Amino acid sequence: MKVVDLRSDTVTLPTPAMRQAMYEAEVGDDVMGEDPTINRLESLAAEMMGKEAALFVASGTMGNLVSILTHCQRGDEVIMGDRAHTFFFEVGAASVFGGLQVHTVPNELDGMLDPRNVLDAIRGGDIHFPPTGLVCLENTQNLCGGCALSPEQMDSVCLPVKERGIPVHLDGARIFNAAVALDVDVKELTSNVDSVMLCLSKGLCAPVGSMVAGSVEFVHRARRQRKMVGGGMRQAGILAAAGIVALTEMVDRLADDHRNARVLAEGLRDLKGISLNLHGVQTNMVFFNLVADGVTPLELSAALQSEGIKVGHHAGNLFRAVMHDGIEEEDVQRVVETFRRILSGKA
Ligand SMILES: Cc1ncc(COP(=O)(O)O)c(C=O)c1O
């Protein structure tokens, strides 16, 4: 029985083309700037993001941390959404390593931050206040259903924030999902941020790695922060080789994941015992609530697992299913039918 693992797009495996590229990768000492494959990946990522330079880092969490540490001084405040991955799931790293305070503003249902709330959160010069060092955005917004913020939405926050002299960092772990869903060049989403982190190891299937892109000066300083947090790797061109395949061959196929997410969402929405907002399904994620009386979330997860289906169970009755490479439409149909069978008579 094929296991259909929808817990995350991080479960994706390197493709045969990636394994081949990794095998053949030309490598050197990247801390000395001498790994040709990493240098190639960094140039490629910078060009795709419309930035001057880029830096290969071990993970999305490291990329966000390195970016935040590069923008901010100890004691600064960082404004971000109250559903931001960086606030929820990155172990409080900005506070732990940077001595920074996080100031959250509410994420709207579609992941958007109301620009008025962001501007209100920027501190004035009163000596009681910590200075505002940075505003962070996220696109797609994971905990808001994987919604994609449009270029206009991005700019409506970025432009007034930059006018106030505050830099903007974008957690673009799934920025290509946003670009594909909106049918725009990814540069339209990054043009007004000062730095962007993007992940190679989620829907793009690379085994390891993320990129941080920004100005030459920013990336130069970020390189020092990466070294400080232990992210200076040596012959890591072996990993970068897979990253190059991720950026050159794996972006367009994200549209398949979005289509499958839609199929799953439409199938689940019709089931008694499931509550799902179809409008919130814009990319590769499907969030839904279990509202059946006769089955608990744990029982549902266990029943699905015994049928070879894994979905993410978040807090309370909330579940998340994420589409990715290797999940076909027939797998999605099987998932819907399995839910139907398990929930029948339980609603
Ligand atoms: C929006 C977002 N940002 C950052 C990360 C962190 O990436 P990593 O797991 O590579 O540290 C994730 C991981 O799922 C994410 O969803």
Side-chain angles (χ1 to χ4, degrees), residues 5-14 45 49 55-69 78 80-94 96-97 102 104 107 110-113 134-149 154 168-179 181 186 189-190 193 195-213 225-226 229-231 233 236 239-240 242-243 246-247 250 254 257 261 280 282-287 311-314 318 320-325:
D5 189 345
L6 304 180
R7 289 172 301 166
S8 177
D9 46 10
T10 56
V11 303
T12 45
L13 300 174
M49 293 294 124
L55 183 68
F56 182 58
V57 291
S59 67
T61 302
M62 182 184 279
N64 283 333
L65 175 62
V66 160
S67 301
I68 291 171
L69 293 179
V78 183
M80 64 182 74
D82 61 357
R83 311 287 290 162
H85 191 279
T86 303
F87 176 58
F88 252 84
F89 292 125
E90 294 174 18
V91 209
V96 176
F97 297 111
V102 172
T104 59
N107 278 112
D110 66 353
M112 185 58 183
L113 302 182
L134 181 67
V135 171
C136 294
L137 297 176
E138 187 177 316
N139 197 7
T140 63
Q141 181 81 42
N142 183 339
L143 272 186
C144 297
C147 283
L149 300 181
M154 294 287 302
V168 178
H169 170 69
L170 173 61
D171 175 346
R174 297 181 182 81
I175 194 64
F176 285 107
N177 290 87
V186 72
L189 300 170
T190 57
V193 301
S195 58
V196 52
M197 183 284 290
L198 66 112
C199 290
L200 304 167
S201 66
K202 299 192 164 63
L204 302 185
C205 297
V208 178
S210 294
M211 308 302 299
V212 169
Q225 299 296 336
R226 183 187 70 172
V229 298
M233 295 182 280
L239 303 173
L247 290 180
M250 302 303 286
L254 295 173
D257 299 342
Q282 296 177 7
T283 58
N284 66 333
M285 296 185 181
V286 181
F287 279 79
V311 292
H313 174 216
H314 283 238
L318 184 65
R320 185 186 78 162
V322 186
M323 305 304 123
H324 53 77
D325 190 40

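Just so it is clear, the model here is predicted, and its values are computed rather than measured. Positions are given from 1, in the same order as the sequence printed here. Whatever order the structure lists ligands and atoms in, that order sets their numbers, starting from 1.
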Shortest protein heavy-atom distance from [atom], along with the residue and atom involved:
atom	value
atom 10 (O) of ligand 1	G60 N, 2.8 Å
atom 3 (N) of ligand 1	D171 OD2, 2.7 Å
atom 12 (C) of ligand 1	H85 NE2, 3.1 Å
atom 11 (O) of ligand 1	T61 OG1, 2.6 Å

I'd like to check which ligand 1 atoms, numbered from 1 as shown, lie under 4.0 Å from a non-hydrogen atom of [X].
X	result
A173	1 (C), 2 (C), 3 (N), 15 (C)
N142	16 (O)
S59	10 (O), 11 (O)

Assess the residue pair M49 and I175 against the criterion (side-chain contact (heavy atoms from CB on, under 4.5 Å)); give the C-alpha distance rounded to whole Å, side-chain angles, the decisive distance to 0.1 Å, and a yes or no. CA-CA 10 Å; M49 293 294 124; I175 194 64; 4.1 Å; yes
May I ask whether Q141 has any heavy atom positioned less than 4.0 angstrom from an atom of ligand 1?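 The answer is no: ligand 1 sits nowhere under 4.0 Å from a heavy atom of Q141.
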Any K202 heavy atom less than 4.0 Å from ligand 1: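 Distance cut 4.0 Å: K202 passes for ligand 1.
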Just checking, any donor-acceptor pair under 3.5 angstrom between side chains of H169 and N64?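 Result is yes, a qualifying pair exists.
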Considering M285, E90, E138, R174, which one's heavy-atom position lies nearest to atom 16 (O) of ligand 1?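 The nearest heavy atom belongs to R174.
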Rounded at 0.5 Å granularity, tell me how far CE in M323 sits from OG1 in T12.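 Here the interatomic distance stands at 13.5 Å.
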